[in-house]
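Predicted, not measured: the structure shown is a model, and the values here were computed from it. So that the names make sense, note that chain A is the first sequence line, chain B the second, and so on, each numbered from 1.
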Amino acid sequence: MTSTEQAAPTANNFLRTIIEEDLKSGKHSSVVTRFPPEPNGYLHIGHAKSICINFGLARDFGGRCHLRFDDTNPAREEREYIDSIKESVRWLGFDWGEHLYYASDNFEQLYQWALFLIGQGKAYVEDLNAEEIRSYRGTLTEPGTESPYRTRSAEENLDLFSRMRAGEFPDGTRVLRAKIDMASPNISLRDPVLYRIIHAPHPHVGDAWKIYPMYDFAHGQTDAIEGITHSICTLEFESHKPLYEWFLDNLPVPARPRQYEFARLNLTYTVMSKRKLQELVQLGIVSGWDDPRMPTLVGIKRRGYTPTAVRAFCELIGVGRSDSWIDVSILEECVRAELNESAPRAMAVLRPIKLVIDNYPADQTEELQAANHPQQPDKGSRIIHFTREIWIDADDFMETPSKGFHRLTVGGEVKLRFGYIVTCTSVVRDEQGTVLELHGEYDPASREGIHTADGRKVKGVIHWVSAPHAVTAEVRLFERLFSDPNPDWGGGDYKQFLNPGSVESLSDCKLEASLAGSDAGTRYQFERMGYFRQDPKDSLPGQLVFNRIVTLRDVWSTKK
RNA sequence: AGGGGUAUAGCCAAACGGUAAGGCAACGGCCUCUGACGCCGUCAUCUCUUGGUUCGAAUCCAGGUACCCCUGCCA
């Protein structure tokens with residue numbers, strides 16, 4: 001019995017509908033999908049959508065999903081990428097089990113099938129060079145012209161093709177082409193190239209081959225060999241579909257997979273093309289593929305986003321066939337939603353100003369209990385220290401407050417979270433007029449609640465850290481990499497839209513003492529500031545570096 | 001002058017001839033020792049457009065319009 005009867009846990013989409021029908025009609029008894037990256041770069045959030053679709057469909061319908069490296073072009077592929085891709089898929093939470101494949105494992109079979117086509121008079125060796133092939137191809141509106149080599153005998157083609165394989169000819173001198181239709185309105189049917197000569201070592205099969213199949217000649221056949229039932233790809237492959245089917249029709253393949261296309265993910269405020277991401281790395285605009293601002297999976301991971309949140313995001317945005325731009329804030333919301341539940345709270349002052357509480361004894365320290373989560377008592381509490389000198393955030397003080405500001409002001413009062421209500425009495429400045437420290441007084445009776453002695457409710461609660469107990473750390477605040485929602489638009493240089501403030505590193509942040517020996521992998525909510533986690537590369541015991549994963553929603557900052 | 005796609009709210013998206021789901025955003029309000037979280041409410045007389053068929057159309061038909069993809073020995 002299959003699990004295909006289980007209720008669909010997620011929103012319906014056209015792919016689920018197709019699969020449900022195929023299962024119901026008996027066209028397929030189970031679902032087999034595949035995620036087929038080319039190992040020529042790092043995976044990004046767009047790939048995550050594809051991974052979630054393919055692995056998710058297999059999971060939901062009780063089938064399986066293969067991880068397959070589409071490694072047909074050794075000129076651009078590397079072992080490093082193979083390893084990184086596997087790691088990212090695993091990080092996302094998916095498991096291909098035994099089903100790890102390489103298109104290159106099928107090279108011999110593909111070669112035999114090429115021979116078969118030649119034998120059938122359906123493929124020929126082309127001597128025209130790349131430029132000539134292009135001009136013979138015609139244009140979008142004009143038919144192409146048949147190559148003079150199109151009518152070579154099968155014997156000659158066989159001889160030439162085997163010599164191509166043997167490495168007798170230099171790169172670019174000949175290709176193998178399918179003989180289809182030079183006048184087809186679908187350009188991919190105008191005698192597409194099947195094999196090209198590349199004298200380069202291959203990351204998976206070494207130097208066994210001197211000729212390599214093109215994507216079109218490898219993909220569908222590989223799908224057939226693996227028994228893929230639903231071969232899901234992005235929209236730009238739609239025009240290749242007739243070619244995909246032509247090979248299945250003309251070759252003795254063992255199965256009949258079908259291709260379906262969906263709209264790739266576009267995200268606002270980011271670029272997704274491998275070329276551009278690579279450029280950002282090469283130009284040093286970001287620190288690497290895993291820079292926390294990058295939309296790569298390694299970047300997102302280092303930033304502190306969770307796989308659960310990324311998966312939730314992929315579910316949320318759905319799957320369709322119309323070009324769409326997803327607002328990056330939806331991704332951020334998914335991260336917040338999860339972290340709000342899971343992250344223990346802590347207090348950290350990012351831009352410290354000292355507040356001296358003049359009526360608090362200089363030699364006194366109180367241990368206060370602070371809940372680790374406001375809605376989850378089972379998460380327990382921790383001790384924070386209250387002393388005469390504390391740090392508060394510069395953003396929480398205004399000498400001349402703007403309208404609606406209900407934090408600390410001179411003469412004003414504010415509740416220190418888990419502590420006392422304090423009033424600011426004076427500001428100490430240096431000769432330049434910059435604020436050195438604040439002085440204030442506390443109300444000893446105000447430990448509980450937010451009411452003053454005369455029963456008024458204070459409107460503001462701010463976070464703070466005991467100065468003698470504070471741990472100094474570096475905190476990196478990340479913003480979107482681009483300041484324009486569509487840096488790719490207009491045909492101009494996307495780099496002109498780079499956000500100059502996409503990272504701000506604060507080196508003198510004051511963290512509560514409990515964070516000193518905390519687990520490096522824990523994601524915290526620094527109350528009122530956002531979610532943070534130690535940077536997995538740069539944070540050291542005694543020299544902590546925290547990354548801001550995402551801010552809290554902040555109505556005040558958007559209103560003021 | 002070709003071929004293939006796609007058009008439902010600010011952004012996604014469901015609806016499969018029976019009278020426009022849901023999410024995000026936004027906006028009001030409540031709650032709150034995080035301006036967080038949570039909660040309540042509002043948010044398409046209408047589905048790119050023009051006609052047609054039908055008792056009934058986002059769904060079917062015809063004609064427009066807009067946008068995306070295709071002229072790599074990339075995938």
Side-chain angles (χ1 to χ4, degrees), chain A residues 11-13 17 36-38 40 70-73 75-77 126 128-130 133-135 137-144 171-177 183-190 192-198 211-212 214-216 218-219 233-242 261 263 268 274 315-327 329-330 333-334 336-337 340-341 345 347 371 373-375 404-407 415-419 421 446-451 457-463 485 525-530 551-560:
Chain A
N12 212 26
N13 63 53
T17 303
E38 182 188 15
N40 71 342
D70 220 338
D71 53 352
T72 57
N73 186 357
R76 3 196 287 175
E77 296 156 8
E126 173 66 275
L128 257 27
N129 64 37
I133 288 176
R134 192 180 317 127
S135 67
R137 188 148 36 219
T139 69
L140 293 177
T141 54
E142 295 159 333
D171 288 9
T173 50
R174 279 179 237 264
V175 293
L176 183 73
R177 293 230 254 172
S184 172
N186 181 339
I187 290 174
S188 66
L189 258 20
R190 317 240 263 230
V193 172
L194 270 29
Y195 272 91
R196 72 288 217 194
I197 300 168
I198 303 176
I211 54 172
Y212 291 90
M214 298 288 288
Y215 163 85
D216 288 306
H219 207 91
C233 61
T234 44
L235 251 22
E236 66 268 28
F237 290 96
E238 187 152 32
S239 59
H240 295 239
K241 192 168 183 167
E261 312 83 18
T268 57
K274 268 178 196 169
E315 291 294 342
L316 195 61
I317 59 176
V319 186
R321 287 177 57 86
S322 56
D323 296 319
S324 59
W325 285 86
I326 307 292
D327 196 315
S329 66
I330 292 181
E333 264 314 309
C334 289
R336 286 190 189 103
N340 177 50
E341 292 296 317
R345 312 287 114 134
M347 293 203 285
H373 192 110
Q375 284 86 36
F405 184 82
H406 49 246
R407 303 175 188 177
K415 171 77 175 184
L416 296 173
R417 172 132 244 231
F418 303 119
I421 291 173
S446 62
R447 271 274 295 279
E448 303 295 326
I450 53 169
H451 292 272
K457 218 178 188 181
V458 296
K459 52 272 163 214
V461 177
I462 65 172
H463 57 96
Q525 184 195 101
F526 289 173
E527 295 215 24
R528 305 205 312 128
M529 302 308 294
T551 61
L552 253 30
R553 281 188 73 226
D554 186 357
V555 178
W556 167 245
S557 79
T558 56
K559 270 192 175 155
K560 79 187 159 178

Indicate, with a heavy-atom threshold strictly under 4.0 Å, whether Asp171(A) touches base, sugar-phosphate, or nothing. nothing

Counting only Watson-Crick pairs (N1-N3 plus N6-O4 or O6-N4) and G-U wobbles (N1-O2, O6-N3), all under 3.5 Å, who is the partner of rC46(B)? none

Could you check whether any side-chain heavy atom of His451(A) comes within less than 4.5 Å of a side-chain heavy atom of Ser446(A), counting everything from C-beta outward? no

Quantified in whole Å, what is the C1' atom distance between nucleotide rU47(B) and nucleotide rG29(B)? 32 Å

Note, Leu316(A) side chain near Cys334(A) side chain (heavy atom, < 4.5 Å): yes

How is Thr72(A) classified with respect to the nucleic acid when contacts are heavy atoms under 4.0 Å: base, sugar-phosphate, or nothing? sugar-phosphate

Say you pick atom P in rU59(B) and the same atom in rC30(B); how far apart are they, in whole Å? 44 Å

5'-most contact on RNA chain B: Gly172(A) or Ser322(A), nearest heavy atom basis? Ser322(A)

Indicate, with a heavy-atom threshold strictly under 4.0 Å, whether Val319(A) touches base, sugar-phosphate, or nothing. sugar-phosphate

Which is true for Ile198(A) with a 4.0 Å heavy-atom rule: it touches a base, it touches only sugar-phosphate, or it touches nothing? nothing

Report the distance from atom CG of Asn13(A) to atom P of rU8(B), rounded to the nearest whole Å. 17 Å

Nearest to the side chain of Ile326(A), heavy atoms from C-beta on, is which of rC12(B), rA75(B), rC73(B)? rC12(B)

Looking only at atom C1', what distance separates rG17(B) and rC24(B), rounded to whole Å? 31 Å

Heavy-atom protein contacts under 4.0 Å, nucleotides 32-43 of chain B, coded B base, S sugar-phosphate only, - none: SBBBBB------

State the pairing partner of rA36(B); accept Watson-Crick or G-U wobble contacts with both distances under 3.5 Å, and report none otherwise. none

By the 4.0 Å heavy-atom rule, please label Leu176(A) as base, sugar-phosphate, or nothing. nothing

Evaluate the criterion side chain to side chain contact (heavy atoms under 4.5 Å, CB included) for residue pair Thr72(A) and Met214(A); output intermediate values, then yes/no. CA-CA 6 Å; Thr72(A) 57; Met214(A) 298 288 288; over 6 Å; no

Are the side chain of Lys415(A) and the backbone of Arg447(A) linked by a donor-acceptor contact shorter than 3.5 Å? yes

Run the numbers on Thr551(A) and Met529(A) for side chain to side chain contact (heavy atoms under 4.5 Å, CB included), then give the verdict. CA-CA 6 Å; Thr551(A) 61; Met529(A) 302 308 294; over 6 Å; no

What interatomic distance, in whole Å, is found between P of rC11(B) and the corresponding atom of rC68(B)? 16 Å

Between P on rG72(B) and CG on Asn129(A), what's the gap in Å once rounded to a whole number? 13 Å

What integer number of Å spans the P atoms of rC27(B) and rC16(B)? 34 Å

Do the side chain of Thr234(A) and the main chain of Glu236(A) share a donor and acceptor less than 3.5 angstrom apart? no

Does rG56(B) adopt a syn or an anti glycosidic conformation, taking syn as a chi angle within 90° of 0? anti

Tell me what Arg134(A) touches on the nucleic acid: a base, only sugar-phosphate, or nothing, going by heavy atoms under 4.0 Å. sugar-phosphate

In the strands shown, is rG56(B) matched to any nucleotide by a Watson-Crick or G-U wobble pair with both distances under 3.5 Å, and which? none

Integer angstrom distance from the P of rU8(B) to that of rC67(B): 15 Å

Backbone N/O of Arg137(A) and side chain of Arg190(A): donor-acceptor pair under 3.5 Å: yes

Assuming nearest nucleotide by heavy-atom distance, tell me which of Thr141(A) and Arg196(A) is located more 5' along RNA chain B. Thr141(A)

Please report the C-alpha distance between Ser188(A) and Asn186(A) in whole Å, then the side-chain angles of each, then the deciding distance to 0.1 Å, and finally whether the side chain to side chain donor-acceptor pair (under 3.5 Å) criterion is met. CA-CA 6 Å; Ser188(A) 66; Asn186(A) 181 339; 2.8 Å; yes

Who is the Watson-Crick or G-U wobble partner of rC67(B), with both distances under 3.5 Å? rG5(B)

In whole angstroms, how far is the P atom of rA75(B) from the CG atom of Asp70(A)? 8 Å

Interatomic distance, Ile317(A) CD1 vs rA13(B) C1' [rounded to whole Å]: 11 Å

For Arg528(A), what residues pass the salt bridge (Lys or Arg N to Asp or Glu O under 4.0 Å) criterion, not counting sequence neighbours? Asp396(A)

How far does the C1' atom of rG35(B) sit from the matching atom of rA44(B), given to the nearest Å? 32 Å

Interatomic distance, Met214(A) CE vs rA75(B) C1' [rounded to whole Å]: 9 Å

I need the CZ-P distance between Arg190(A) and rG3(B), as an integer number of Å. 12 Å

Separation of Arg321(A) atom CZ from rA13(B) atom C1', in whole Å? 16 Å

Could you tell me how far rC12(B) sits from rC48(B) if I compare only their P atoms? Round to whole Å. 14 Å

Look only at the side chain of Arg196(A) and the backbone of Ile211(A), and say whether a donor-acceptor pair between them is shorter than 3.5 Å. no

Short N/O separations, protein against nucleotides 66-70 of chain B, under 3.5 angstrom:
unit_1  : atom_1 : unit_2    : atom_2 : d
rC68(B) : O4'    : Asp323(A) : OD2    : 3.3
rC68(B) : O2'    : Asp323(A) : OD2    : 3.3

Which label fits Tyr215(A) and His240(A): parallel for a plane angle under 30°, tilted from 30 to 60°, or perpendicular past 60°? perpendicular

Strand partner of rC27(B), provided both Watson-Crick or wobble distances fall under 3.5 Å: rG41(B)

Could you check whether Val193(A) gets within reach of a base, just the sugar-phosphate, or nothing at all, counting any heavy atom under 4.0 Å? sugar-phosphate

Are Leu140(A) and Ile187(A) close enough that some pair of their side-chain heavy atoms sits under 4.5 Å apart? yes

Separation of rA75(B) atom C1' from Glu261(A) atom CD, nearest Å, is 15 Å

